[in-house]
Amino acid sequence: MEIQIERPTAATAIVKGILDSDEVKSRFDKALNKYSSQMQIPGFRPGKAPRNIIIARVGDDIKKLITEEAIKEIVEKAVEENNFLENTLYSEDPKFNPIELNKEFVVEIYTEIPPEVKLNNYKGFTLYRPVIEVTDEEINNEIQDFLIRNTKLEDVPHAVEEDNYVEVMFSRENEEPVRVLIPLDDPEYALKFQELINANVGDKISIEKEFPESFPDRRFRGRSGKFEIEIVKVMEQKIPILGPDFFKEIGKPEDYTEQNLRKEIEDYIRIQKSRENQNLLEELAIKSIVEANPVEVPEKYLQIRIDRFISQQLGNMQIDTEHIEKLRTEIEKSIKQQIAFEFLAEKIAEVEKITVDDSAVDDEIRKFSTEQKIDPNQAIERMKQDSSSIEDLRKSLMRKKVLELALSTCSIKDKEPEKQKDSKLMKPELTESTENVAEKSEDAVEKPTLSKENGSD
Amino acid sequence: MKLKDPYKIIVKPIITEKSTLLRTESNIFQFYIRPDATKKLVKQSVEELFKVDVLNVRIINLPGKPRRRGLYTGKTKSRKKALVKVKDGQNIPIFEGLV
């Protein structure tokens with residue numbers, strides 16, 4: 001058996017295994033002898049059937065068996081002789097010619113391996129971040145959103161109008177009436193309950209409808225037929241007015257003023273922006289490290305990662321091929337950068353002797369499970385059952401440490417306000433991991449104490 | 001009997017340990033044939049079907065064996081076997097891979 005390794009690029013290898021014709025024949029004969037002694041052929045005693053008859057009966061099966069065994073041996077020998085094949089990122093199905101006696105058997109396996117990483121520089125970059133400024137417009141918009149979130153329903157004495165909320169007793173023949181709130185500002189409700197417009201409190205309306213399975217209210221889903229509606233209450237959305245009454249309602253102290261609210265909102269926006277800045281800095285650091293230390297990313301491994309990312313993001317959503325292709329092109333650059341950083345981070349961790357011990361992994365699981373309100377010990381036990389998840393988490397923590405190290409050595413400068421437009425243009429696309437970080441950080445930002453609950457503290 | 005369809009004269013080749021031995025040692029090929037087939041017909045049929053020169057044909061009648069199942073007695077089907085000697089160096093390929 002002969003093994004040849006071709007390296008078209010630093011990150012790819014083609015493993016070629018060759019069995020010469022004599023070896024093919026000897027393997028075939030060996031397998032044939034083994035089978036012939038066991039085979040029951042009518043007219044022959046076991047082991048007495050002629051070779052050609054056995055070949056006619058099970059020759060193809062024997063060839064298949066030899067092929068499988070030979071490929072397995074070739075792979076094992078190739079890995080034994082070439083250490084770099086131990087951690088392959090991706091391997092294609094082997095390509096081979098069908099086994100024929102008196103002909104050599106050749107197998108070719110395309111594999112992608114982690115590229116060789118040469119570190120040039122990963123410290124001391126100059127990074128520019130936007131200056132955090134909170135404008136009056138941003139504060140006003142946030143206040144407006146907050147007021148909309150605190151809208152109240154108020155009874156109105158007039159007939160039902162568009163965008164009103166109508167409380168009704170909803171029933172079907174031989175069924176107990178159910179109290180239902182119908183928001184006519186929702187297009188799906190408005191379409192199904194047009195008959196309510198201009199009706200007054202106490203009116204009884206009979207409608208014949210068919211509600212789709214996707215209807216927002218579960219009680220209506222998939223039902224059809226005649227329904228009786230009795231209007232109980234007509235209500236309107238009222239956006240509250242900023243003032244002492246509203247502040248009292250949301251649980252603020254008596255001396256609380258609009259200025260206090262504006263200050264709270266400004267602080268909240270500032271925290272959010274500083275989080276965004278931190279994410280941006282991490283992005284820029286990754287970009288700088290990858291640019292300073294070019295790494296060849298294996299093509300097929302990249303495609304696999306893009307596929308994985310798309311399937312995670314889209315889940316079961318059905319999207320046409322054209323849009324998926326567009327999405328692939330859009331995210332390719334950022335995922336390529338992320339993969340390159342993963343390879344570099346491993347090397348940097350090796351050079352800087354950065355390690356992540358078991359306790360750090362456990363702490364991370366505990367932190368996550370507390371956020372998700374899961375029993376931490378149970379979460380640790382469950383994670384430890386899957387060694388690959390633990391390994392992934394360890395690598396992710398290691399990358400975080402590497403990034404922290406790189407950022408600690410960077411000189412971070414504020415960008416001039418007029419140049420901030422350019423900085424937005426330069427902002428790299430979100431990568432797989434940092435997007436998660438961004439999501440988490442958004443959640444982590446504590447909103448100002450605007451709600452009743454917070455206010456009462 | 002006039003030879004019309006050799007496929008109806010030759011029923012099937014006999015491939016067993018014994019027939020294989022005869023074939024390899026004496027170049028004699030065995031076939032089951034129609035019960036009413038004659039040596040002449042077998043010779044013509046084999047020559048036509050397999051394009052070989054037949055030197056000699058011997059025929060063996062195999063009467064059905066008696067079989068009994070409780071009260072009922074009967075017998076298996078009678079068969080007729082032909083041993084066809086073919087000229088040395090010639091071969092009938094269907095004996096190579098058929099069982």
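Note that the coordinates shown come from a computational prediction; the quantities given were computed from them, not determined experimentally. Per chain, numbering begins at 1; letters A, B, ... match sequence-line order.
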Is [X] atom [atom1] crowded by more than 12 heavy atoms from other residues, nucleotides or ligands, each under 6.0 Å away?
X	atom1	value
A:E322	CD	no
A:Y110	OH	yes
A:K77	NZ	yes
B:R58	CZ	no

For this session: Can you see which heavy atom on A:F44 is nearest to which on B:I15, and at what distance?
Result: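 Reported closest heavy-atom pair: CE1-O, 3.7 Å.
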Exercise. Does A:E391 have any salt bridge (Lys or Arg N to Asp or Glu O under 4.0 Å) partners at least two apart in sequence or in another chain, and if so, which?
Worked result: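 Scan of A:E391 (salt bridge (Lys or Arg N to Asp or Glu O under 4.0 Å), adjacent residues dropped) gives A:R394.
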For this session: Under 4.5 Å heavy-atom distance to chain B, tell me which part of A:R51 shows up: side chain, backbone, both or neither.
Result: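 Nothing of A:R51, per the 4.5 Å heavy-atom cut-off to chain B.
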Exercise. Could you walk me through whether A:N52 and B:F95 pass the side-chain contact (heavy atoms from CB on, under 4.5 Å) check?
Worked result: CA-CA 9 Å; A:N52 52 11; B:F95 280 81; over 6 Å; no
Exercise. Say you draw a straight line from OG1 of B:T16 to NZ of A:K48; how long is it, rounded to the nearest 0.5 Å?
Worked result: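 Result: 14.0 Å between the selected atoms.
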For this session: Please confirm whether the backbone N or O of A:A49 pairs with a side-chain atom of B:E17, one donor and one acceptor, at under 3.5 Å?
Result: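 Between the backbone of A:A49 and the side chain of B:E17 there is no qualifying donor-acceptor contact (under 3.5 Å).
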